[in-house]
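Each chain gets a letter, A, B and so on, in the order the sequences are listed, and its residues count up from 1.
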Protein chains: 2
Amino acid sequence: MKLKELAEQLGLSQTTVSRALNGYPEVNEATRERVNKAALKFGYSANANARRLAMGRVGAIGIVVPIHSSERFGPHTSEFLSGLAERLSRDEIDFLITPLINNDEISAYKRLISSKRVDAMIVSHPSLVDERVAMLAEAQFPFVLHGRTNIDTPHAWLDIDNKGAFYQATSHLLDLGHKHIAMIDGLKGFTFSEHREEGYRNALNERGISIDPNFIVHDCFSDEIGFRETQRFLSLKPHPTAILAGSMMTALGVSRAIRAKGYQLGKEVSIIAHDDVFPYLNASNMVPAMTTTRSSIRAAGTRIAEMLVRLLDGEPPETIHEVWPVELILRQSSGPPVVPAK
Amino acid sequence: MKLKELAEQLGLSQTTVSRALNGYPEVNEATRERVNKAALKFGYSANANARRLAMGRVGAIGIVVPIHSSERFGPHTSEFLSGLAERLSRDEIDFLITPLINNDEISAYKRLISSKRVDAMIVSHPSLVDERVAMLAEAQFPFVLHGRTNIDTPHAWLDIDNKGAFYQATSHLLDLGHKHIAMIDGLKGFTFSEHREEGYRNALNERGISIDPNFIVHDCFSDEIGFRETQRFLSLKPHPTAILAGSMMTALGVSRAIRAKGYQLGKEVSIIAHDDVFPYLNASNMVPAMTTTRSSIRAAGTRIAEMLVRLLDGEPPETIHEVWPVELILRQSSGPPVVPAK
DNA sequence: AATTACTTCCAAAGCGCTTCGAAATTGCGC
DNA sequence: GCGCAATTTCGAAGCGCTTTGGAAGTAATT
């Protein structure tokens, strides 16, 4: 069923029917009602492509996901997307996921723009100087960045205070009396990783504690990395008495390795993890309950969707940006260092 | 830059340029080369909406995701989507995620169809008699079902042998000498849950072991449920000496509860988990390594994408379906029951 | 009754592409 | 050099919708 047929059925012109359906004011309420009822009855819904072509607006936003990188399309991404969806569905905006194979991100973004398939984009996992952001900002294409990057051209972004989070966590461990603190975080190059390391370093430097490069690991977020690297840590002399984990997945592996060594979490070795809040992996339910720096990645998604809508409504990008504080939640996995019984 | 402009630049007609770009044979190779070069130079890429309108084909497939259900958009989904993407990106098909708020799935599917935004769909998490499948099959809209359902109208599907998996796992535990085996699986109503329970029941029935309803749990896949329910199990008398976990997330909670009770995995209490193969959560790296029934959900995604392409190429749906066997991988978390030391 | 001001509707012109049918060009054998 | 077929190119008609610029009908004002 197409507009023309519907109009014929109703004995009205296409114009009127279209207007009635799209809520334009210049149509009699009675007529509108009649049209809506008929549309429902015949299951009519406009051909999205014709509509988009005519309007020049698409009603969809784009996300480019490199599929081979589990770092980029793992549980974080799906949680984030859920958050996005929560807000976008309200405006009937759907999202288009463009898988990226050949790693030529820039041209994937360019294609997405010039093919007019989306009204805006969301960019995630920026590096310190992100060329995607540079390109999009330059092209004045609407987008919101999840994270931060050092690009001058104005653009909208939302980031959490990763530096503050790791600074806080590290400081807390130092307060507890730890002298040897290790860190397992995400891949080098991403802004969030760099910021976290910065927070960690700042806290140590402030107390005049020298930084041992062996205590800093950048890799994917997985239990395996957490486990393997923690085993390595614990074989060092002196070994760290506290470990910062960049994700809950990492933390699972870290905990396992600590336990495998016969140590107790929060005693011989403490752990503080960053928690993006996964509904299926609850820090407070762990044994012992896990001390975390917490920030819901899902909530960030929802907020970013909100920002996107504002952007599309014409608000200038330079006014749209936020840094979210991260709360340190003390639980049982962190405590003063206990010297292992011999 | 639009087709018309590009054509003018080249001194050719739109027709020829369009044909050159789309690889039609009736165009001189020299001309085609010239056109391609110019398109590249000007960064031309066709307006997708105009193209779709003219062709009636979209180059996108749709997925409806209920966003409020973590059961439906969690790590399983993102892994599955990665798999899909892997295949679909080869044909430059992208996917459209339609968030579902008001739980009126059927009408969401109908809207997606009638708005012509996608060429085909993927349906996941079917129930035993799934009305979405019934509707889509009836409407002859192309789709592939991930899972199985008892709908007569022919349709394409791929499922893993959930029944066999749980039958195998249960039988193995029985072989080891377990008499009290519990099961924590996904929500009631979904086909996979029902099939798993059926496999579990069949194995027990075969050995003449009566089924204790207290030993069967259906709920979300999360560590919390795993933990809580296992605590409950272990407070029963007699308590189960083996537990089947429907997902790795569940298994994490189960393991934790077993350990919290002072028992060892694979000794006092065994555990076999279903492993969908998450890159960040590796069963063989756990301590002790986890016995699993394994089937890569990512691989299933890739295969389903393949089936979808065949479907779109005109292959009849009734010839497209597969059941994948699930392998039982014996590791250290399952062993003969050990009576707890008093 | 004539003028103005709304309200309600319509015909038709795009939006940018594909594709049909026809025209122009080329190649080949005689 | 001519005729015929094969190759290459083009003009124009859609695809299904939105939207502009009026026309027609109604109510309010002079």
Evaluate the ring planes of [X] and [Y], with Trp represented by its six-membered ring, and classify them as parallel (under 30°), tilted (30 to 60°) or perpendicular (over 60°).
X         : Y         : value
His321(A) : Trp157(A) : parallel
His146(A) : Phe80(A)  : parallel
Phe143(A) : His155(A) : parallel

Please check the phosphate of dC17(D) (OP1 and OP2 only) for any side-chain N or O of Tyr44(A) closer than 4.0 Å. yes

Distance check: side-chain N/O of Ser18(B) vs OP1/OP2 of dC17(C), anything under 4.0 Å? no

Rounded to whole angstrom units, what separation is found between the [atom1] atom of [X] and the [atom2] atom of [N]?
X        : N       : atom1 : atom2 : result
Leu12(A) : dG25(D) : CG    : P     : 16 Å
Lys4(A)  : dA11(C) : NZ    : P     : 12 Å
Arg51(A) : dC17(C) : CZ    : P     : 21 Å
Leu21(A) : dC17(D) : CG    : P     : 10 Å

Under the rule for side-chain hydrogen bond (donor to acceptor under 3.5 Å, both in side chains), what residues qualify as partners of Asp159(A), not counting sequence neighbours? Arg148(A)

CG of Leu84(B) to CD of Glu306(B), rounded to nearest 0.5 Å, is 12.0 Å

Value for CG (Leu312(B)) from CD1 (Ile61(B)), rounded to nearest 0.5 Å, stands at 9.0 Å

Residues two or more places apart in sequence or in another chain: which of them pass side-chain contact (heavy atoms from CB on, under 4.5 Å) with Glu315(A)?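 Glu315(A): side-chain contact (heavy atoms from CB on, under 4.5 Å) contacts with Arg310(A), Thr319(A), Ile320(A).
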
If you restrict it to nitrogen or oxygen atoms, what contacts under 3.5 Å exist between nucleotides 11-15 of chain D and the protein, and what is each distance?
{"from": "dG11(D)", "atom 1": "N7", "to": "Thr15(B)", "atom 2": "OG1", "distance (Å)": "3.3"}
{"from": "dG11(D)", "atom 1": "O6", "to": "Thr15(B)", "atom 2": "OG1", "distance (Å)": "2.7"}
{"from": "dA12(D)", "atom 1": "N6", "to": "Thr15(B)", "atom 2": "OG1", "distance (Å)": "3.4"}

Can you pull out the residues from residues 22-36 of chain A that lie within a 4.0 Å heavy-atom distance of DNA chain C?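 Those residues whose heavy atoms fall under 4.0 Å from DNA chain C, taken from residues 22-36 of chain A in numerical order, are Glu26(A), Val27(A), Asn28(A), Thr31(A).
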
Distance-only donor-acceptor pairs under 3.5 Å for side chains of residues 49-60 of chain B, two or more places apart:
{"from": "Asn49(B)", "atom 1": "ND2", "to": "Lys116(A)", "atom 2": "O", "distance (Å)": "2.9"}
{"from": "Arg51(B)", "atom 1": "NH2", "to": "Asn22(B)", "atom 2": "OD1", "distance (Å)": "2.6"}
{"from": "Arg52(B)", "atom 1": "NE", "to": "Val58(B)", "atom 2": "O", "distance (Å)": "3.0"}

Is any NZ, NE, NH1 or NH2 atom of the basic residue among Arg117(B) and Asp94(A) found under 4.0 Å from an Asp or Glu carboxylate oxygen of the other?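 Salt bridge flag = yes for Asp94(A) with Arg117(B).
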
I'd like to check Pro317(B) versus Leu311(B) (side-chain heavy atoms, cut-off strictly below 4.5 Å). Are they in contact?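 Touching, per the 4.5 Å side-chain cut-off.
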
Do Ile113(A) and Val118(A) come close enough that some side-chain heavy atom pair is under 4.5 Å? no

To the nearest 10°, give me the bend of the helix from dA1(C)-dT30(D) to dC30(C)-dG1(D), comparing the axes of its five terminal pairs at either end. 50°

